[in-house]
Protein chains: 2
Amino acid sequence: MKALRTGSKELIKEINRFKVLNIIRHQQPISRAEISRQCELGVSTLSYIMDELKAQNLIYEVGEASSTGGRKAKLLKFNENHGYVVSIKIEEEQILTALTDMEGGILLKTYVAFEKKESAERIVSLIEKEVKMIFSEQDKDISHLLGIGVLSSGLVNRHEGEIIRSSMLEWENVPVTSMIKEKFPRVPVFVDNNINGYTLAELEKGEGQKDNNFLVVSIGAGLGLSVVIDRKIYYGAVGGAGEFGHTNLVMGGYPCHCGQEGCLEMYASEFYFENKIKERLKEDPTYEGEDHHFSAVAKAAEADDMFAQSLMKEMGTHLGYGLRNLINTLNPEKIIIVGEGVKYKHLFEREVLAIANDNFFEKVSIDTDIVFSHLKDDSWFTGGALLAISQLFQEPIYEQMKQSI
Amino acid sequence: MKALRTGSKELIKEINRFKVLNIIRHQQPISRAEISRQCELGVSTLSYIMDELKAQNLIYEVGEASSTGGRKAKLLKFNENHGYVVSIKIEEEQILTALTDMEGGILLKTYVAFEKKESAERIVSLIEKEVKMIFSEQDKDISHLLGIGVLSSGLVNRHEGEIIRSSMLEWENVPVTSMIKEKFPRVPVFVDNNINGYTLAELEKGEGQKDNNFLVVSIGAGLGLSVVIDRKIYYGAVGGAGEFGHTNLVMGGYPCHCGQEGCLEMYASEFYFENKIKERLKEDPTYEGEDHHFSAVAKAAEADDMFAQSLMKEMGTHLGYGLRNLINTLNPEKIIIVGEGVKYKHLFEREVLAIANDNFFEKVSIDTDIVFSHLKDDSWFTGGALLAISQLFQEPIYEQMKQSI
DNA sequence: AACTTACTTCTTTCATTGAATGAATTAAGT
DNA sequence: ACTTAATTCATTCAATGAAAGAAGTAAGTT
């Protein structure tokens, strides 16, 4: 367990620098006086802190606020161009890369394709090339690269920076962080799985801006879960948030690719369509089968295909049970639904809510918000960048690797 | 959300005092030099800190360690008699009270009976009388009472100090903390539900001493869950850890007292015995029925009653599914099973483990320990006391009510 | 309209505080 | 002679708060 750091002058200095910086980052533009009201620091102290932050190019002054009865306040802004962050998403056959500023604003997007099931070494060297190319082509100084955030599917141990297992990539126990760090020795590298990355985007720019305890559930080809506690993402024993998709929904139900039976993922994702279509093909000689992908089933449902409509609705009901169990187990304030399925929410939203809202806490008048994400597809990049950014600006109160900005 | 405190000289002082005190509490007896090695504090600083802690009667010196090649070290101990804590457990028809020292060591136990469904006011006044009586009878100074920990069943908001709902007591939204505080104005009061209290005992004295992330599941009349993350108990939106017993096991299964259907609690606790016995009474005219309590069913099973044996085993299987879902969702390092059912574990242990160990993480070679508690019944008292003690000695890094010791 | 006076708000300056620190010292052993 | 433990003391440095300075508003006076 990470122990608290011992108190010292450096500690209070760092705490206060980061605290002020985070207030500026989240409430810019803002004056010294306003900051002083929010945190218990005298304006005098703030003047010194500002001088330092300005000298480090982390903030700058922009004009003045209109007077509120006295001298006008000078406004401070976070310098989002203080450095760059690279956000990387490893998919099945391509690497998506984005260059962002220090606020997660996307400056540039690229991708490289690769053959399925490439080795980790090869992928890392592709990443290296890609990142170096971006900096040279854009004529930017790579020494201003302050962090790299990597998102991947599968089971990821973010503390160790390892991909424990990704069936998509067929990787096991790959120390991605250290492999990338070898190529960029001075740059802090962070790895996490997709859904946790997306969750960071929800935290900073989406539905989670005002909530401290919530869950993010992704629906699409599979089922993902991210747990946010006190505005921090929860990691279990090995770092994975958990494998909610592989909780049991039906005792002795459809066999799952994970080796268990009756997993929720078999009933509340694309797999359900696949399972049911197979089943019907066996039973119904007149049935010709159809594409089991979300988009195809949704299209059929929209075209009044009764079978597709029932698939969607049943999937929604199952998801509802999954969400209800999450609510009853963890009592979150809110659940945010994200992923490909969100596009087709009109086909199953009612069913999800009917079951999920009928939970234990609702019976004692405690409502749990269930909402669908409003973020755009770009948010994967934002999330990857925030993976690095949020760590870089974290108040360093725990003993650990110190990372200088 | 609780914000981090702003750095100041007082903060570093408090952090270090508590850090040192907690090292002594957990590793006593210990020398200054050894503490210096463990936390990043110079021995000189420690000398000053020790003087202060000694002056406050929080620690004392006891003899010397044997030499390790030089001057012998003076050993320091935590003064567990520095004050008293009262631990209270509210049950259906009685209040159990214990007086403990500052280590949670039980000095005295008492109980008062009351009529079922008493009002909260009446119970609180009973508590007041009881506590004052203990101090006067034992001839102890009540000003040395440093904390009160209260455990109750039901949904408890520990942050607000409220019992949101207890069906056992038929209470709703009772602000227990403030009600007790009125009677003992200077004493910090903490409320939580039973299982979280027990979990504290496991953390400090039981199976959780070396684990940072684990779950505690209680089985008995009902089903309880407590989630420990980074050695802290997790609280959801309203403060309750969650209502794991009311997650769905069987779609459209037995109706539950909570209003839902097919809740795990109906299948993996005494309720299952009750349900099955009722069912058999209807179906089987020769069957005479039996007591559905854990002890009775266990006794019958031990006397080779096949039906009772199957009840136990099936209950175990269901519990296994519940645990498997918890493992897959939260990926804990360990699950500790506590409660009345532990006494009869030989009747269902195999079934629980067979299902629970067949989880997602086990398939990628990540084992989850499943153990049965070894603590004694007394541990409720220890837990209640630790509720207060652990808060009193927490490093005060978050903005909040300051509580002086 | 120009000027004065009183008041507010924001920022900077500077001497003071106090907790940690590290070097030196003392103490007590092998 | 060498180790290890504990204490003492001058030093350091981040925060602090009082005071001064800067720059505005509001209202009355000339």
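Taking atom CD of B/E14 as the reference point, atom P of C/dA19 lies 10 Å away to the nearest angstrom. Going from atom CD of A/E52 over to atom C1' of D/dA14 covers 9 Å, rounded to whole Å. Following rounding to the nearest Å, A/E10 (CD) and D/dA14 (P) show an atom-to-atom distance of 7 Å. Distance A/L11 CG to C/dG18 P: 20 Å, rounded to the nearest Å. Taking atom NZ of residue B/K74 and atom P of nucleotide D/dT7, one finds them 5 Å apart after rounding to whole Å. In this structure, A/M50 atom CE and C/dT11 atom P are separated by 9 Å, rounded to whole Å. Rounded to whole angstrom, the span from the CG atom of B/L76 across to the C1' atom of D/dA5 amounts to 12 Å. The separation between B/I12 atom CD1 and D/dT12 atom P is 17 Å, rounded to whole Å.
Each of A/Y48 and A/G7 lies near DNA chain C, and the nucleotide nearest A/Y48 is the one positioned closer to the 5' end. Projected onto DNA chain C by closest heavy-atom contact, A/S8 and A/L75 fall at different nucleotides, the more 5' of which corresponds to A/L75.
Rounding to the nearest 0.5 angstrom, the gap separating the CD atom in A/Q27 from the CG atom in A/N22 is 10.5 Å. B/N16 contributes atom CG, which lies 11.5 Å from atom CZ of A/R5 (distance to the nearest 0.5 angstrom).
Residue B/R17 places at least one side-chain N or O closer than 4.0 Å to OP1 or OP2 of C/dA20. OP1 or OP2 of D/dA14 lies within a sub-4.0 Å distance of a side-chain N or O belonging to A/K13. Taking side-chain N and O atoms only, B/K72 has no distance below 4.0 Å to OP1 or OP2 of D/dA5. In this structure, A/N16 does not reach the D/dA14 phosphate: none of its side-chain N or O atoms is under 4.0 Å from OP1 or OP2.
A salt bridge is absent between A/K334 and A/E202; no separation between the charged side-chain nitrogens and carboxylate oxygens falls under 4.0 Å. A salt bridge links B/E61 with B/R32: at least one charged nitrogen is closer than 4.0 Å to a carboxylate oxygen.
Residues A/F184 and A/V86 fail the side-chain proximity criterion, which asks for heavy atoms closer than 4.5 Å.
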TODO: Take B/R17 and B/E14 through the test salt bridge (Lys or Arg N to Asp or Glu O under 4.0 Å) and record every step on the way to the result.
DONE: CA-CA 5 Å; B/R17 295 297 176 280; B/E14 284 177 39; over 6 Å; no

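Within a heavy-atom distance below 4.0 Å of DNA chain D, the residues of residues 32-45 of chain B found are B/R32, B/A33, B/R37, B/V43, B/S44.
Below the 3.5 angstrom threshold, one finds no donor paired with an acceptor across the side chain of B/K9 and the base of D/dT16.
Contact between A/I233 and A/S226 at its shortest, heavy atoms only, is CG2-OG, 4.0 Å.
The nucleotide whose nearest atom lies closest to any side-chain atom of A/S47 is, among C/dA20, C/dT21, C/dT11, C/dT11.
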